[in-house]
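First comes the structure, then the notes that go with it.
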Amino acid sequence: MDINGGLSLPDRIVRTSEFARLTDFIQLVRTRGHGGVEVLGDPGSGKTWLLDAAARDARRRGMWVLRARCSMAEAEVPLHPFLQALNAWVASADGAPGGDAKRTERARALARTLAQSAGSLQPMPSWDRFFEQRRALAECLALAPAGCLLVLDDMQWADAWSIRFLEILIRWPVEERLALVVAHRPRQSPVGLRAALQEGIDLGFIGQVHLDPLTVSQSGALLDVDPASPDLARLHQEGDGLPLYVTALAGKESPRLDNAETWAQSPLGARLLTEVSRLDSEARLVAHVAAVLGDSFDVPAVAATAQMKVSSASRALSELRRHDVVRMLGAGTMMFRHPLMRYCIYGCTSTWWRHDLHRRALEYLTERGEPATVLALHIEAIGAEDPAAVRTLVAAASAALHSGRSELAVRWLVGALRAQRARGGGARHGMVDAAVWRRVAQAAAADGDRERLIELGGELLSLLDESTGARATAAATLACLHASLGDAERGQALLGQETARLGRADPAVRAVMDLSGVLVKLLTGTVPSRAELDSLGSWARQAHPVHGFGAEAVRALCVMFEGDRAEGQRLLAGCAQALANCSDGDAETPGFAEFLLMMAWAEALVGEYESAQRHVRAAHESMHKTGGRHQLPLLLLVLTGIHYGQGELPEAYDAAKRAEAAARQIGRHDYAAVADAFAAAAAGRAWHRHPAPSAPRFRHGLDEGNFWAPVAVILQAEASLSVGDNVGVLELLAAQQDMWESAGPAKVHRARVYELLAAAAEGLGDKATAGHWESLAAKAVRSRPGRREASDGTGTAPARTDAAAAEERSEPAQDEGDAPGGSAPGRTAEESPLPTALLTTRERQVAQLVGEGMRTKDIATSLGVSPRTVDTHLARIYSKMGVHSRAELMRKVFLEGDGESAARSLAPRRS
C-alpha cells in the first residue's frame with residue numbers, strides 16, 4: 001500500500017540514516033549468513049515505505065525477496081504472513097521469463113505444506129511440526145545464490161502460530177543466508193511477539209531500527225517544499241512529523257469539526273476507520289463519544305455522555321488503548337493517537353446523535369466546572385445563543401489567544417458575534433469588548449491568516465451600530481491590519497465604504513479615517529499624494545494626541561521620500577513635540593506602534609540613528625503590550641536599515657534574515673525581497689561574499705509602483721559592486737532605467753543609481769562613461785529639495801556627491817579631455833580609491849584623524865570617546881573602504897583628499 005499520497009518513492013527517500021542502517025544490515029547478513037532486524041514505529045511513521053525501498057535495493061543486489069503484510073482481518077488465520085509471502089513469491093516466479101523451475105517447485109511445495117499444516121492446526125502444534133517447516137524453508141532457501149530477504153510487515157496483527165514460527169527462526173536460525181526483517185507497532189504488538197524479538201536482541205541475532213518523527217527538513221523533502229515555508233511548518237506540526245499524516249494533509253484544509261465528514265470519506269479515513277470497525281460494539285460506541293468530547297477526555301465524562309456505567313466505559317477505553325486508537329495523556333486523561341483519527345470518527349457519526357452527545361457533554365462539563373475552552377466546542381456544536389453561551393465563547397477566545405492558538409481565538413469569537421447577532425443585540429448590548437476583538441484580529445494578521453481575518457471583520461462590522469463612530473474606527477483598524485498583510489485593495493475598500501457612509505459628519509472620526517487611509521498606502525508600498533498629506537496637517541493639532549503624532553510622523557516620512565531633508569527635519573521636530581504630548585497610556589492606542597515606526601524610519605533617512613533606534617524599541621514595547629506582532633516584519637526592516645546605515649553590517653545581516661523570515665510568515669513577499677536584498681548587500685560589504693537571490697525570487701512581489709522596489713534594486717547593486725561584479729551592476733540598473741527616469745518614488749534614488757553606475761564603469765576602466773554618470777549624479781543631487789544633504793531614501797548613508805561638491809567649489813572646470821571623476825594627476829586607474837561617502841560623520845572624523853597619523857588613544861581623546869569605540873569605528877571603516885590596515889587607510893585618505901593637506905598629515909610626527 002502506498003502511504004505517501006502517490007509520491008514517487010524512489011525519489012523520496014527522506015529517512016536516509018534509517019535506510020542506510022537497514023541496507024547495511026542486509027548486506028552484513030549476506031556475508032555472515034543469517035540475522036534479523038526489528039523496525040519499530042508508530043502508525044504512519046513510514047515503515048512500509050522504508051521496507052519497500054529496502055526490498056527494491058535487495059532485488060538490485062540479486063537477493064530473493066519474500067514479502068508479507070499482516071492485517072486485522074487475518075489475525076486469527078494460522079501462519080498467514082508466511083503463506084502470503086510464499087504464494088506471492090511463487091506467483092512472481094511463474095510470471096518471470098527464464099524462471100528457476102527447481103526453485104519454483106520447492107517454493108510451491110513449501111507453500112502447500114504450510115497451507116496443509118495451517119488447515120489442520122489445533123490451538124498450538126508441537127515444536128516438532130514447526131521444525132519440519134523450518135527444514136522445508138531451509139531447503140527452499142538453499143537455492144538462493146545471493147541470499148534471501150524475508151520481510152514481515154505489520155506483525156502486531158500476526159497470529160499466534162506465526163509468532164511461534166518466527167521465534168523458531170530467531171532461536172534456531174537456518175544455515176542459509178536469510179535476512180529477516182520484522183516491522184510492527186510496539187504499542188499494539190502482543191507480548192509474545194515482543195518477547196521473541198527481545199530474545200533475538202539478547203542473542204545478538206536481531207538489530208533495531210527506530211522510526212522517529214521526521215524533521216521539518218525531511219518533511220520538506222518528502223513533499224518537495226522549501227523547508228522555510230510557513231505552510232510546511234504547519235503541515236509538519238499538524239501531522240506530528242509522521243509521513244502518512246503529513247502527506248494526507250498536504251494541499252488540504254486543516255481538519256475541523258465542520259469538515260470532519262470530508263476527512264472520514266477520504267482514503268486516509270477509510271484506512272483509519274477500518275481499525276475501529278473491527279472492534280466490538282461497546283468499544284466503537286465509546287470511540288464515537290470520545291470523538292465528540294474533544295481533544296482530551298476521561299472515563300467519567302465518557303460514561304456520563306454515553307449514559308453507561310463507569311466500569312463499562314473503562315473497559316471499552318482499555319480496549320481502545322490496546323488497539324492504539326486512544327492513548328494516555330496523564331492523570332486519568334486520554335486522547336486519540338492523532339487528531340485525524342478523532343476527526344474521521346467524528347465525521348462518520350450521525351448528525352442527530354452528535355448533537356445529542358454535545359448537549360449531554362455540555363451539561364455534564366458545565367456542572368463539573370470545566371474551563372471555557374472546553375465548553376466552547378459544545379456550545380458551537382449545538383448553536384447555543386443565550387448570554388451565558390456568548391460570555392463563554394468570548395472567554396474561550398481570550399484563553400485561546402493567551403495560549404497562542406489564534407485560529408481557535410478567531411473561531412470562538414466569530415461564534416460569539418454570530419450568537420450575539422442572532423439574539424438581535426448590537427455590540428453595545430453584548431459582551432464582545434473592543435480590546436478583545438482587536439487583539440484576536442491582530443493575532444490572525446500576525447499569523448498571516450487572511451481568510452480568518454476577513455471572516456472576523458465581516459461578522460464584527462455587521463454587528464456594530466452604524467450610528468456610532470465605533471464601526472468606522474473598527475473598519476479603520478481592520479483596514480490597517482489587511483494593509484500589514486499587503487492587501488491594499490481590501491484595506492482601501494473598507495475605508496471607502498465607511499467614508500461614503502459617514503459623509504461629512506463627525507470630523508474626529510473622519511480624521512481617523514483619513515490618517516488610516518495614508519497609513520494603508522504606506523504599509524503597502526505606496527506614497528500618499530501631497531493633498532492627502534496636507535489634509536492631515538489641517539486637523540492634526542485638534543485630534544487625539546496619538547493621531548496628531550501619527551499625522552506628523554507620516555508627513556515627515558513622506559517628505560523624506562521626496563528627498564527634502566530640511567522640510568523632513570522640521571516635521572520631525574514637530575513630530576517629537578507631538579510624541580511628548582502623548583501619555584504613557586497612549587502606548588496602547590491602536591496605531592501607536594506603527595506611527596513610532598514611521599518616525600524611526602524618517603529619522604534613519606536623515607541619519608538620526610540613535611533616536612531612530614530608541615523609537616524602534618518603543619514601538620516594540622507597544623507591540624508587546626497590545627499584541628501587535630503583525631508589524632514585526634516592518635519593525636525588523638526598519639531596524640535593518642538603521643544598522644546598515646550605521647555600517648553595522650553583521651547586525652544588519654542578522655536583522656535582515658529575521659525580517660525575511662517574519663515577512664514570509666505573513667506572506668509579505670515585498671518585505672521579504674527587500675530584506676533579502678539588505679542581507680545580500682550587508683554580506684557583500686562585510687565579508688565580501690554575495691548570497692544574492694536569483695532574479696525571479698528577488699523581484700517577486702515588487703512592482704515599479706512600490707517604493708520598496710528601487711531600494712531593493714539599489715541594495716542588490718551595492719551587493720554586486722562590493723564583490724567586484726561591475727557587469728552585474730550595469731545590467732541590473734540599466735534594466736530598470738525607466739524606473740529611475742519616472743516621476744514616481746524612484747526619482748529620489750537617481751543620484752545613488754548614477755553613482756553606482758559610475759563606480760561600475762570606473763571598475764571596468766571606462767573613464768568616459770564613468771564621468772558621464774557622475775555628471776548625471778551631480779545634476780540629480782542639485783535637483784533635489786534640500787540638495788546634497790537629502791537622503792537617498794534607502795536608509796543607507798547619503799549618496800556620493802563628489803561631482804556636485806567639485807562644481808560647488810570655486811575651482812576651474814576641467815578640460816573636456818579630463819573625464820569628471822577620473823583619476824587625479826599622477827594616479828593610475830588601478831589606484832582609483834573607493835568612495836568614502838558610505839562612511840558616517842563619526843567614521844569620517846576617525847578616518848581623517850588616522851590620515852593625520854594619530855594613534856587610537858589620541859583619536860579617542862580628541863573625540864571624547866573610548867579607545868574601544870575608535871577600534872569599532874575603524875573596523876567598520878576598513879570594511880566599507882575595502883582596506884585591511886592603517887597604512888592602506890592613510891593611502892586612501894591621501895588619494896581622496898586635496899593632496900597637500902594629506903601629504904602634510906603623512907609626515908612623521910615629532911615626539
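Values in this document were obtained by computation on a predicted structure and should not be read as measured data.
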TODO: Compare all side-chain heavy atoms of Leu596 with those of Leu579 and state whether any distance is below 4.5 angstrom.
DONE: yes
Open item on the list: Contact between His544 and Asp586 at the side-chain level, heavy atoms closer than 4.5 Å - yes or no?
Closed with: yes
- [ ] Decide yes or no for Leu522 and Phe707: does some side-chain heavy atom of the first lie under 4.5 Å from some side-chain heavy atom of the second?
- [x] yes
Task: With sequence neighbours excluded, residues passing side chain to side chain donor-acceptor pair (under 3.5 Å) with Thr477 - done: none
Task: Heavy-atom check, side chain of Glu532 versus side chain of Asp514, under 4.5 Å - done: no
Open item on the list: I need the Gln492 CD to Thr526 OG1 distance, nearest 0.5 Å.
Closed with: 7.0 Å
TODO: For Glu648, enumerate each residue passing the salt bridge (charged side-chain N to carboxylate O under 4.0 Å, His left out) test, keeping only those at least two apart in sequence or located in another chain.
DONE: Arg876
- [ ] Report the residues that fulfil side chain to side chain donor-acceptor pair (under 3.5 Å) with Arg614, sequence neighbours left out, ordered by chain and then residue number.
- [x] Ser611
Task: Whether Arg685 side chain and Ser722 backbone form a donor-acceptor pair below 3.5 Å - done: no
TODO: Under the side chain to side chain donor-acceptor pair (under 3.5 Å) rule, collect the residues that match up with Asp654, sequence neighbours excluded.
DONE: none
TODO: Would you indicate whether the side-chain heavy atoms of Leu557 and Phe595 approach each other to under 4.5 Å?
DONE: no
TODO: Give, for atom CG of Leu733 and atom CG of Leu757, the distance between the pair rounded to the nearest 0.5 Å.
DONE: 4.5 Å
TODO: Determine the minimum heavy-atom distance between Pro528 and Val518, stating which atoms define it.
DONE: CG-CG1, 3.5 Å
- [ ] Please report the closest heavy-atom contact between Tyr653 and Ala679, naming both atoms and the distance.
- [x] CD1-O, 3.3 Å
Task: Side chain proximity check, Glu594 to His630, heavy atoms < 4.5 angstrom - done: yes
Open item on the list: If the condition is salt bridge (charged side-chain N to carboxylate O under 4.0 Å, His left out), which residues does Asp487 pass it with, not counting sequence neighbours?
Closed with: Arg490
Open item on the list: The criterion is side chain to side chain donor-acceptor pair (under 3.5 Å); which residues satisfy it with Ser862, sequence neighbours excluded?
Closed with: none
Open item on the list: Whether the side chain of Thr499 engages the backbone of Gly496 through a donor-acceptor N/O pair (distance < 3.5 Å, no angle test) should be reported.
Closed with: no
Open item on the list: Could you check whether any side-chain N or O of Ser622 sits under 3.5 Å from a backbone N or O of Ala618, counting only pairs where one atom can act as donor and the other as acceptor?
Closed with: no
TODO: Please report the closest heavy-atom contact between Val846 and Ile859, naming both atoms and the distance.
DONE: O-CD1, 4.3 Å
Task: Cys575 side chain near Met599 side chain, heavy-atom distance below 4.5 Å - done: yes
